[in-house]
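As structure tokens, the structure follows; a few thoughts come after it.
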2 protein chains.
Amino acid sequence: MSIAEVARRAGTSVATVSRVFNNPGIVNAQTCSTVLRAAHELGYVPNSSARTLRTRRNKVLGVMLPTLANPVFAQCLQGIAEEAETRGYAIVLTTTEYSPEREAAAAERLLNAGVEGLILVVSNPATSQVLQRTQQTKLPYVLAYNQAQEHTCISVDNHGAIFQLIQRLHAAGHQRIGMVTGQLHASDRAQQRCKGYVEGMQAQNLSPLPVWELPFAEQALEQLQQDLMEATRPTALVCSNDVIAIRSIRAATLAGLRIPQDLCVVGFDGIGLGRDLTPSLASITQPNEAIGQQCVALLCNALTDGIPLLPSHSVQLPYGWRAGESCSPLPL
Amino acid sequence: MSIAEVARRAGTSVATVSRVFNNPGIVNAQTCSTVLRAAHELGYVPNSSARTLRTRRNKVLGVMLPTLANPVFAQCLQGIAEEAETRGYAIVLTTTEYSPEREAAAAERLLNAGVEGLILVVSNPATSQVLQRTQQTKLPYVLAYNQAQEHTCISVDNHGAIFQLIQRLHAAGHQRIGMVTGQLHASDRAQQRCKGYVEGMQAQNLSPLPVWELPFAEQALEQLQQDLMEATRPTALVCSNDVIAIRSIRAATLAGLRIPQDLCVVGFDGIGLGRDLTPSLASITQPNEAIGQQCVALLCNALTDGIPLLPSHSVQLPYGWRAGESCSPLPL
DNA sequence: TTGTACGCGTTATCAG
DNA sequence: CTGATAACGCGTACAA
């Protein structure tokens, strides 16, 4: 099952067999088909380790995600896996659970695994040690979801999406609009979305409310619930992601509010499950699979062309809008 | 950065360096630490391709999952990734979207990737071509979630879980209990759970209702919705997984029913998101991460010990119960 | 257009 | 306990 056996059977040298597989153009069509037939009959499949040893390319991509518990990343990974598969790349996966400490260790493991390139979702590109470390290694990498001038990113316009949403909510008559987010330090996206909220409110001459920041705790939700029982409660809640939105709906319902009559709730991400909920979840959608696919595509192209990946290769994909029962119809 | 450089710096032979990394026990403690230091100073990291070429072991596991859109499998994958990581294994992932055709192709790709072992979730172990093909190759494999005598499986007692649930529902006063499932042919678990339903009902001297089988279509849900408006509608709905349960809650709500006063709904899987829903989702829980971890553990142990994986190595993990607002409290 | 021969970095065998 | 050395399977100068 090695190249030598194929060569023997085809009556050629190993070099020719190798060429047939790597550069068919430069070999006689006749010999080529002879070799191919021999290879097929023997069920020959090239040994990737040997090839890697020689070429120093192993066709493995490293993927670092915050968690798989949030369907956004699961969906993205699906896109990554798909595209990687068609391109013949394997992936090694690691999750950080949104912890900066785990991030560093996780990245180190990917590096040690000898990956050719990296797809990363970091908590904050501006402060991430992972990115410094990665840049040292000269390995090509692309950030998914993160948005930062200095890096190659596949993302959506987080700021603009929320900014525009505020405008639409206002147009629909909402004045008191609140924002709920996960832990801000764990996610630059959340920060950008919050910024979009504040500036969006100001642009509408509305005063932004203090942002609800929900750490992953029961307690925080109860606070939100309390606040929603005040007379000055908002009439619409913008959430920095769909999971937060689902939790917010829970808090609101426990506070005795009806969705969307008393309170409109909008999420961000467009996870598939949102459609099946009751009420169905209104959300700013991201093309999650496509984000994953593009990451792989960019990386693989850079790898095969041997050109370095630059910030200018960043792609900003369009976000969308999924209407849902958790929010009354919005103009536009 | 190769073993030779380390040897030179440590003043030993390459063989010794190799031993230090692979079998430290048989080398002099003194030399050992010298080598280790040299290696560390040089930032030496063993080349996995060369090692693989020599040992014919690449430390890559193949994982075949139905989809990542269902959080159950995302959670399981998280467990797999974690355990694989700690054991120094990489994984190559592929999804089948519950399609038997895609299953065969997906498995073939994993095989071609040269994986050392496989973790599979197949639609039906009894009819799966994938398993035949896998057995031909003599590669060790373990089935996750699937339950079958002839294979090595990590699963829960699907039949028993539902059987017991029916008993509890009956004890709580329910007489008309219905069952909702996804496409039966796409999942042996669903079949086993339905069997548990039918036999559980009979054991309680209740007559089982025709099972609602929901293909992935809008239409099917509407049928359920219609049926739930009949006078003879069930008072409790057992669902073969949490996603189905979420959809059923939607159908019931659209039918004008209140959950759980008019209709109790119970899911299966215990996906994390279930806790955050309103009403929160009552569910029979599976230890999803643990299932993934055990698959990896079993596989890796078999791989390192060189012993074949037998059906007798199967593990049946305990299922649990998560109370939730979608179902009134149940005895036991 | 094809063949020969070397080296990629390791591990395993066999002497010492 | 340690060292020399032959593979492992492949790609690629270089020569023909």
Side-chain angles (χ1 to χ4, degrees), chain A residues 1-40 42-60 88 111-116 303-304 306, chain B residues 1-40 42-60 88-90 111-116 303-304 306:
Chain A
M1 36 158 109
S2 92
I3 207 176
E5 310 201 30
V6 179
R8 194 149 38 78
R9 177 160 190 133
T12 74
S13 74
V14 292
T16 300
V17 177
S18 176
R19 288 191 196 99
V20 167
F21 280 91
N22 298 297
N23 199 352
I26 67 166
V27 53
N28 183 296
Q30 184 60 264
T31 15
C32 188
S33 63
T34 313
V35 169
L36 249 21
R37 181 149 22 89
H40 185 72
L42 261 38
Y44 166 74
V45 34
N47 179 310
S48 61
S49 320
R51 172 177 289 169
T52 296
L53 184 57
R54 234 344 271 223
T55 62
R56 302 169 155 282
R57 302 211 25 205
N58 62 4
K59 304 211 101 194
V60 176
L111 263 21
N112 283 336
V115 300
E116 281 189 60
L303 247 20
T304 55
Chain B
M1 36 159 106
S2 92
I3 207 176
E5 309 199 31
V6 178
R8 194 148 40 76
R9 177 160 190 134
T12 73
S13 73
V14 292
T16 300
V17 177
S18 176
R19 289 191 196 100
V20 167
F21 280 91
N22 297 297
N23 200 351
I26 66 166
V27 53
N28 182 295
Q30 184 60 262
T31 18
C32 188
S33 62
T34 312
V35 168
L36 247 21
R37 181 150 21 88
H40 185 72
L42 262 39
Y44 166 73
V45 32
N47 180 311
S48 60
S49 317
R51 172 176 290 168
T52 297
L53 181 57
R54 199 37 235 218
T55 62
R56 307 171 148 277
R57 303 209 27 203
N58 61 4
K59 304 210 102 191
V60 176
Y89 275 76
L111 263 22
N112 283 336
V115 300
E116 283 188 57
L303 246 18
T304 57

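Model, not experiment: these values are computed from the prediction.
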5' precedence on DNA chain D between B/Thr55 and B/Ile26 (nearest-nucleotide basis): B/Ile26

Touch class at under 4.0 angstrom, heavy-atom based, for B/Thr12 against every strand present: sugar-phosphate

Sugar-phosphate, base or nothing in reach of A/Phe21, heavy atoms under 4.0 Å: nothing

Position toward the 5' end of DNA chain C (nearest nucleotide), B/Ser18 or A/Ser13: A/Ser13

Listed nucleotide nearest any side-chain atom of B/Thr31, set C/dG9, D/dT2, D/dG9: D/dT2

Evaluation steps, side chain to side chain contact (heavy atoms under 4.5 Å, CB included), between B/Thr34 and B/Thr12: CA-CA 9 Å; B/Thr34 312; B/Thr12 73; 5.9 Å; no

Closest listed nucleotide, where the reference is the side chain of A/Asn22 and the choices are C/dT10, C/dG3, D/dG11: D/dG11

Protein-nucleotide distance (A/Met1, atom CE; D/dC10, atom P), rounded to Å: 11 Å

Distance in angstrom units between B/Tyr44 OH and C/dG9 P, rounded: 10 Å

hbond_proxy B/Arg54 side chain to D/dA7 base (donor-acceptor, 3.5 Å cutoff): yes

Nucleotide D/dT12, atom C1' - distance to CZ of A/Arg51 in whole Å: 14 Å

Listed nucleotide nearest any side-chain atom of A/Asn28, set D/dG11, D/dT2, C/dT2: C/dT2

Per A/Ala15 side chain, nearest of listed nucleotides C/dT11, D/dG9, C/dT4: C/dT4

Candidate nucleotides C/dT11, C/dT2, D/dG11, ranked by approach to the side chain of A/Arg19 - the nearest: C/dT2

Least distance between heavy atoms, B/Ala10 atom then B/Ala38 atom: CB-CB, 3.9 Å

Minimum heavy-atom distance B/Tyr44-B/Ser2, with the two atoms named: CE1-C, 3.8 Å

Residue A/Thr16, side-chain heavy atoms: nucleotide from C/dT10, C/dC8, C/dT2 that is nearest: C/dT2

Heavy-atom check, side chain of A/Glu116 versus side chain of A/Asn58, under 4.5 Å: yes

Nucleotide C/dC6, atom C1' - distance to CG of A/Leu53 in whole Å: 13 Å

Euclidean distance, atom CZ of residue A/Arg56 to atom C1' of D/dC10 [Å, nearest integer]: 14 Å

Distance, rounded to the nearest Å, where A/Asn23 contributes CG and C/dT2 contributes C1': 14 Å

Spacing between A/Gln30 atom CD and C/dT2 atom C1', to the nearest angstrom: 15 Å

Sub-4.5 Å side-chain heavy-atom contact between B/Pro46 and B/Arg51: yes

Integer-rounded Å distance: D/dG11 P and A/Asn47 CG: 9 Å

